[in-house]
Amino acid sequence: MANETLYDRLGQREGIRTVVDDFYDRLVADEDIGPFFEDADVERLRQTQTDFLCEAAGGPETYDAAPIREAHLHVPFTEEHIERAIEHLSDSLDAFDVPEDDAAKVVQAVAAYEEELLARADR
C-alpha cells in the first residue's frame with residue numbers, strides 16, 4: 001500500500017463525490033454562503049468540484065471546467081467566505097473520517113486557489 005495515492009485513500013471518485021456532496025450541502029445551507037448558490041447549477045458544481053479534487057488527489061479525472069478565476073469573477077466572495085467554506089470542507093472531511101494528513105492535503109488543494117476565488121474583473 002506504499003504506492004497508494006491520496007485518490008485511493010479518499011475512496012477514489014465515489015468517496016470524493018460523497019465528501020463533495022456533504023460539502024455542498026453545508027455550503028448551500030450556510031446563511032452567508034448559501035445565497036451565492038441560489039441561481040447556480042449546484043449539480044454541475046458538485047461534478048466539477050469532484051473532478052477538481054479527483055485530479056488534485058492523483059486520480060485519472062481531469063478538471064476541464066472554466067478556469068477557477070474566470071468561473072468566479074461574478075461571485076463577490078470575501079476572505080471570510082473562503083475561510084467559512086474551508087471550515088465546511090474540513091467538517092465534511094472529518095464527518096467521513098478522512099485522516100488528518102489527507103484532509104490537510106485536500107484543504108490545501110482548495111485553499112491554494114483563494115486568490116483566484118477572490119479575483120474581480122477590475123483587478
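All residue numbers in this chain count up from 1 along the given sequence.
When every heavy atom of Tyr63 is checked against every heavy atom of Thr48, the shortest pair comes out as CD1-O, 3.5 Å. Counting all heavy atoms, side chain and backbone alike, Glu116 lies closest to Ala112 at OE1-O, 3.9 Å. Nearest heavy atoms, Val98 versus Ala103: CG1-N, 3.6 Å. For the pair Val107 and Ser90, the tightest heavy-atom approach, listed with the atom from each and the gap, is CG2-OG, 3.6 Å.
No hydrogens or angles considered: nothing links the side chains of Thr50 and Arg13 as a donor-acceptor pair under 3.5 Å. Judged purely by distance below 3.5 Å, without hydrogens or angles, the side chains of Gln47 and Asp51 never pair a donor atom with an acceptor atom. A donor-acceptor pair shorter than 3.5 Å cannot be found between the side chains of Thr18 and Asp21.
The environment of Glu115 atom CD is sparse: at most 12 non-hydrogen atoms of other residues, nucleotides or ligands sit within 6.0 angstrom. Enclosure of atom CG in Asp101 is not indicated, since only 12 or fewer non-hydrogen atoms of other residues, nucleotides or ligands lie within 6.0 angstrom. More than 12 heavy atoms of other shown residues, nucleotides or ligands fall within 6.0 angstrom of atom CD in Glu80.
The closest donor-acceptor contact from the side chain of Glu61 to the backbone of Glu55 lies at 3.5 Å or more, if one exists at all.
Between the CG atom in Leu53 and the CD1 atom in Ile16 there is a gap of 6.5 Å [rounded to 0.5 Å]. We find the SG-CD distance between Cys54 and Glu14 to be 11.0 Å, quoted to the nearest 0.5 Å. From Leu27, atom CG reaches atom OG of Ser92 across 7.5 Å, with rounding to the nearest 0.5 Å. Taken from CG in Asp97 to CG in Asp102, the straight-line distance is 12.5 Å, to the nearest 0.5 Å. Note that CD1 of Ile86 is 11.5 Å distant from CG of Asp91, once rounded to the nearest 0.5 Å.
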Exercise. Arg17 and Arg46: side chain to side chain contact (heavy atoms under 4.5 Å, CB included), yes or no, with the steps?
Worked result: CA-CA 8 Å; Arg17 176 58 191 250; Arg46 291 172 190 260; 3.7 Å; yes

Problem set entry | Worked check of side chain to side chain contact (heavy atoms under 4.5 Å, CB included) between Arg9 and Lys105 | CA-CA 12 Å; Arg9 291 190 306 273; Lys105 290 174 185 171; 3.8 Å; yes

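In this view, Phe96 satisfies the ring pair (Phe, Tyr, Trp, His ring centres under 6.0 Å) rule with no residue, not counting sequence neighbours. Judged as a side-chain contact (heavy atoms from CB on, under 4.5 Å), and not counting sequence neighbours, the contacts of Asp30 are Asp32, Ile33, Arg84, His88.
Side-chain contact between Val19 and Leu10: absent, with no pair of heavy atoms (C-beta onward) separated by less than 4.5 Å.
Residue pairs that meet the ring-ring contact (aromatic ring centres under 6.0 Å, His included) test with at least one member in residues 7-46, sequence neighbours left out, are Tyr24-Phe37, Phe36-Phe77, Phe36-His81.
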